[in-house]
Amino acid sequence: VPDAENTDMQDIVFVVVTVGFFLVAMAYVRGCDGLK
Amino acid sequence: MTSNGWLQIFVFFAAVFLVTKPLGVFMARVFERKRTFLDPLLRPIERLIYRATGVDEKREMRWTEYAFAMLCFSVIPMLVLYGIERMQQWLPWNPQKLGAVATDLAFNTAASFTTNTNWQAYVPETTMSYFTQMAGLAYHNFTSAAMGIALAIAIVRGIARREQDTIGNFWVDMTRSLLWVLLPACLVISMVFVSQGMIQNLKPYVTTEMVDAQTVQVTGADGKTTTQLVKEQVIPQGPVASQEAIKIFGTNGGGFFNANSAHPYENPTPLTNFLQMLLIFAIPAGLTYTLGRMTGSQRHGWAVWGAMAVLFVLAAVCCYTAEARGNPLLNGVDQKASAQQSGGNMEGKEVRFGIANSALYATVTTDASCGAVNSMHDSFTPLGGMVPLVNIMLGEVVFGGVGSGLYGMIVFVILSVFIAGLMVGRTPEYLGKKIEAYDVKMAMLSVLIFPLVILVFTAISVVSAKFGTPSISNPGPHGLSQILYAYTSATGNNGSAFGGFNGNTLWYNTTIGFAMLFGRFFAVIPILAIAGSLARKKFVPESAGTFPVTTALFSSLLVFVVLIVSALTFFPALSLGAILEHLLMHAGKVF
């Protein structure tokens with residue numbers, strides 16, 4: 001069972017970076033389309 | 001080396017050739033929406049799925065919409081998998097009462113299975129509950145493989161279409177990949193595996209008395225070492241056969257057990273070993289035929305198959321030769337193959353499989369983006385271990401992963417026709433489409449992300465004594481190879497490892513997680529852009545100046561482009577790692 005003291009913040013960080021990565025990937029789609 | 005070993009490699013190669021056409025024809029019919037023998041059963045289910053999800057199967061997508069659908073379909077299940085791992089102690093099917101997976105490891109594993117990598121920085125049987133394995137990991141095994149097929153079909157459509165803005169419907173392609181290709185095959189494959197002795201249950205682990213008690217030294221929390229007599233052994237159980245089928249057929253590679261396909265429950269017989277290798281190559285080989293069929297140039301499909309086959313044979317011969325020679329520093333040890341022993345370098349290999357089948361499996365699993373292993377690549381000779389590493393560095397385009405092998409190779413095809421066009425001073429053409437600046441830019445973006453991620457993360461890791469080098473188990477060039485292999489495997493979405501390397505640290509879990517995400521999505525987005533660009537182009541009839549993409553000359557050029565791009569990029573790193581280790585071994589020094 002995780003240590004409740006740190007893991008809430010770590011969970012938030014990993015969820016945010018995951019969503020952040022995919023938002024960047026979506027921007028990359030726009031960027032590639034814009035190069036045309 | 002034995003004639004038996006060469007014969008087994010030849011039989012395997014022949015079997016790959018034989019499955020190419022039937023599977024290729026079947027997949028072409030599935031994605032061209034022509035009738036197949038499974039239609040009476042699956043077509044009603046497919047319609048039901050579209051009705052339930054609100055998908056209009058006739059509606060087509062531009063490449064950008066296709067890419068957005070792919071990204072949305074990846075991020076949400078990745079977060080769900082992260083949640084399952086973090087909450088598995090409260091979820092069902094956890095007879096061993098396994099606790100929550102640590103945050104960084106959960107992120108790494110979620111990225112790993114979302115990207116079809118199946119890099120495992122953990123011991124599955126002591127980390128993941130049955131529920132996590134079945135509902136979390138196996139779900140991604142199916143969907144990530146289906147996504148690879150869908151993306152490959154999208155770019156094939158882009159090549160085949162003329163003056164159209166769309167490349168298909170992502171949801172339809174995914175549904176058809178899953179319903180027609182992966183699910184029915186895996187049902188049959190898992191039954192075959194069960195017939196060979198692979199287990200399939202939800203039982204708690206079994207504790208048995210050992211035939212020979214073992215004396216072991218145990219270091220306690222206080223750092224003191226004590227000697228203990230171990231009389232019992234815990235034997236893990238689980239739904240292995242069903243996981244194994246998609247692990248192999250979807251070129252996922254994540255083992256139910258830590259020993260992966262070296263474990264007797266995961267690979268019980270020589271027949272399952274042969275089938276596993278064949279199934280890894282089945283869809284990727286078949287897709288080359290699908291490419292030929294859907295683009296109306298079957299000879300081009302075979303030309304691509306031929307280039308892949310040449311690269312495969314080269315790698316298999318190199319790996320088998322290196323491993324069969326053994327270690328020259330083992331003076332006085334009989335390493336020759338005989339009726340009594342496999343001979344060669346047997347460290348880290350299953351006696352059941354021997355040298356030939358271990359070297360062949362290592363070649364196949366890294367030619368494809370599978371990553372399943374039946375031997376420990378870390379224990380291979382320096383040159384034998386370099387073969388899997390180089391295979392991944394080539395971009396896993398030697399048949400490759402399901403879908404990813406084909407779309408990766410198409411990028412090299414575009415670069416090949418571009419180079420051929422430069423040599424004769426004409427605008428390059430590919431199957432009636434002019435290859436222009438935008439297409440080459442996108443191809444280069446797709447190719448360059450791979451070395452960029454690998455070499456930058458490796459460089460940072462090898463100079464850090466705080467978070468980088470403590471994870472390696474061997475000093476010197478082999479330690480460099482361990483780190484280089486880890487990032488190469490992750491970015492290439494392979495998942496195999498030099499097993500002495502400890503990837504379960506905050507630094508490696510996080511950076512390897514990102515390497516997998518970049519390696520998958522930042523490589524595939526430019527490829528979808530190429531698909532969209534090609535679909536819009538007018539058809540240009542072949543002329544006397546067109547470089548034909550259906551000949552042995554084209555296959556040869558393709559092979560050289562793949563080798564040169566990889567060699568120029570990674571040779572410095574390889575020369576400091578595996579090549580230096582090989583030279584030092586012959587000078588009497590091992591690591």
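These values consider heavy atoms only, across backbone and side chains, with no hydrogens, waters or symmetry-generated copies.
- The parts of B:Leu517 that come within reach of chain A are both its backbone and its side chain, each placing non-hydrogen atoms under 4.5 angstrom from that chain.
- For a residue to count as touching a neighbouring chain, one of its non-hydrogen atoms must lie under 4.5 Å from one of that chain's; by this rule B:Tyr82 touches chain A with the side chain only.
- The closest side-chain donor-acceptor pair between B:Trp119 and B:Ser489, if any, does not fall under 3.5 angstrom.
- B:Arg536 touches chain A through its side chain: at least one heavy atom from C-beta onward sits under 4.5 Å away, while N, CA, C and O do not.
- To the nearest 0.5 Å, atoms CZ (A:Phe14) and CE (B:Met78) are separated by 9.5 Å.
- For chain A, the option among B:Arg62, B:Glu436, B:Gln88 with the highest count of heavy-atom pairs below 4.5 Å is B:Arg62.
- Ring centers of B:Phe514 and B:Phe107: under 6.0 Å apart, within the cut-off.
- B:Arg86 CZ to B:Leu81 CG: the interatomic distance, rounded to the nearest 0.5 Å, is 12.5 Å.
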